[in-house]
Number of protein chains: 2
Amino acid sequence: MANSDPGSIQVIDRLTALLEAIARHRDPVSLKVLAADTGLHPSTAFRILAAATENGLVAREGTGYRLGIRLLQLGSRVASHQDLRRAARPLMEALRDGIGETVNLTVRQGDEVVYLDRALPERMMRVEQRIGSRAPLHVTAVGKLMLGEAGEAACRDYARRTGLPGYTRYSFTDEEELVQHVSGCLRSGFAYDDEEAETGVGCIGVLVHDDAGNIVAGLSISAPIERRREEWVERLKDAGRELELRLG
Amino acid sequence: MANSDPGSIQVIDRLTALLEAIARHRDPVSLKVLAADTGLHPSTAFRILAAATENGLVAREGTGYRLGIRLLQLGSRVASHQDLRRAARPLMEALRDGIGETVNLTVRQGDEVVYLDRALPERMMRVEQRIGSRAPLHVTAVGKLMLGEAGEAACRDYARRTGLPGYTRYSFTDEEELVQHVSGCLRSGFAYDDEEAETGVGCIGVLVHDDAGNIVAGLSISAPIERRREEWVERLKDAGRELELRLG
DNA sequence: GCGTAATATTCCGCAATACGCAATCGATTT
DNA sequence: AAATCGATTGCGTATTGCGGAATATTACGC
């Protein structure tokens, strides 16, 4: 039998699955668990992990495995949007210091937003998105704006394609309502996320454009819903505008 | 012929080499260049890159390749020293804001220090180490302290093992001098790096210990040598002590 | 401290996998 | 329009990685 999918190498798929599996766990993971999680034969998992360890992608801690420091290096070198992150960072930190809540930088990738960077406040209860993690467009403030700018047709397309899965009881799951809501957000130049992705979490988002008017990124504030304040909208918009200037 | 090295999987070695090669370049890299850099047959490189792209480890930009966003995610999940980074981050930012220079968090790995995190000041000229990058112990402030704490014998061992390669004309390349210098640093509880790693760059470093007295990390300030100030030593020591408290 | 169970690691023969050649496709240049 | 250069794909083959079983190591119960 030939390759099931040309453009796919078994070992690389398996390696990725293993890395993912390790990443899902907080503490070092045993071979057995990893083999079970990925459905690989322990012996196979072992050999792949050993090779990955050789290459620093994985490290051993006692008898278990954790992600290797080389991934830190590679992660920090992901050049994609590097300029963007660099330009945004000080603005994000300033905004975070001003309001005392988490500030996120996101970009669109397919039907999701990806968290590129964030600035975390120094307080016990805060909202924290992991860098590199994803969320569907229709349950995030920035994502809804992106849907809005893409136009009604594209938004409806998205709705049908994804089926608008609900995450909380506040998520939009109806195409008509979403389209309606999204165009409203677009007009006001910002969007709220009212516990649509996770109960108790509220966001405010704005878009960042380049000179040509294309969407470059989204900037958002995430906070426990009861701490969120109206006034932040203007500050967030200012930060967005400032970022556009710095990129232009 | 059997595997040259059991515990090594060809594809994974090659994948890692390709990722490294991509990371070395700033802009998207063409297949040809990657194949040349890694010595792989273009067709082989292509297939591996295609598989890596499927898995999000690599992304395409036009006709070239760049590191994929999944590496961001994996990099951010490197659990190793996560608590440390988390605890150190606010202290580092405060210190950076106080003195206006780069603050680094490092750990030892073998004969090198690895940069775990850093806080960058908002100014045009600044020293910037990439997260995940490495430097030999004997040309960094923190590294010299680590050598000191390891004891004279271990330090001499290190000297012979590595041959003390020089990076600038100020690097220590003589075992005797290094041992001497290092024990001096240890006594004073901090170390300078006077353009020993890179001409024009000066550092100050301190060590961070856990309750049991083991070295957990190093904290350092990097600045253009002519901007470096004596006063920073105490502030850095304070930050180190504060971090020890927070970890304890 | 010993026996036992549970994992981790190594060995090995087999065949599926990934390799490299060569041919095709596509873009860019002259 | 031809030619050149790089990216991509198909294909037969040898190598590589596979998984079962054997062995080592660790953890645990008694």
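Residue numbering restarts at 1 for every chain, and letters A, B, ... go by the order of the sequence lines.
For A:Ala51 against B:Ile9, the heavy-atom pair with the smallest separation is CB-N, 3.5 Å.
Computed from coordinates, the A:Ile12 CD1 to C:dC19 C1' distance equals 13 Å when rounded to whole Å. Between B:Ile9 atom CD1 and C:dA18 atom C1' there is a gap of 12 Å when expressed in whole angstrom units. The nearest whole Å value for the distance from the CG atom in A:Leu18 to the P atom in D:dG17 is 15 Å. In this structure, CD1 of B:Ile48 is placed 14 Å from C1' of D:dG17, rounded to the nearest angstrom. Rounding to whole angstrom units, CG of residue B:Leu40 and P of C:dC21 are separated by 12 Å. The CG-P distance, from A:Leu49 to C:dT9, rounds to 10 Å in whole Å. Counting to the nearest Å, the C1' atom of C:dA27 and the CG atom of B:Leu31 are 15 Å from each other. Rounded to whole Å, atom P of C:dT9 lies 12 Å from atom CG of A:Leu34.
A cation-pi contact, defined as under 6.0 Å to the ring centre and within 45° of the axis, is absent between A:Arg130 and A:Tyr115.
Of the candidate nucleotides D:dG17, D:dG6, D:dT8, D:dT8 has the atom nearest to the side chain of B:Phe46. Of the listed nucleotides (C:dA8, D:dG17, D:dC18), C:dA8 has the atom at the smallest distance from the side chain of A:Thr63. With distances taken from any side-chain atom of B:Arg60 to the nucleotides D:dG17, D:dT8, D:dA7, the minimum falls on D:dT8. In the set C:dA8, D:dT8, D:dG6, the nucleotide with an atom closest to the side chain of B:Lys32 is D:dG6.
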For B:Arg126 and B:Glu128: C-alpha separation, side-chain torsions, deciding distance, then whether salt bridge (charged side-chain N to carboxylate O under 4.0 Å, His left out) applies. CA-CA 6 Å; B:Arg126 67 189 178 192; B:Glu128 182 168 350; 3.4 Å; yes
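Residue A:Arg47 places at least one side-chain N or O under 4.0 Å from the OP1 or OP2 atom of D:dC18. For C:dT17, the OP1/OP2 oxygens have no side-chain nitrogen or oxygen of A:Arg14 closer than 4.0 Å. The phosphate of D:dC18 (OP1 or OP2) has no side-chain N or O of A:Thr44 nearer than 4.0 angstrom. Checking the phosphate oxygens (OP1, OP2) of C:dC19, a side-chain nitrogen or oxygen of B:Gln10 falls inside 4.0 Å.
With hydrogens and angles disregarded, no donor-acceptor distance shorter than 3.5 Å links the side chain of B:Arg118 to the backbone of B:Leu120.
Residue-to-nucleotide contacts include no donor-acceptor pair under 3.5 Å from the side chain of B:Ser43 to the base of C:dC19.
Looking at A:Arg108 and A:Glu112, no side-chain N of the basic residue comes within less than 4.0 Å of a carboxylate O on the acidic one, giving no salt bridge.
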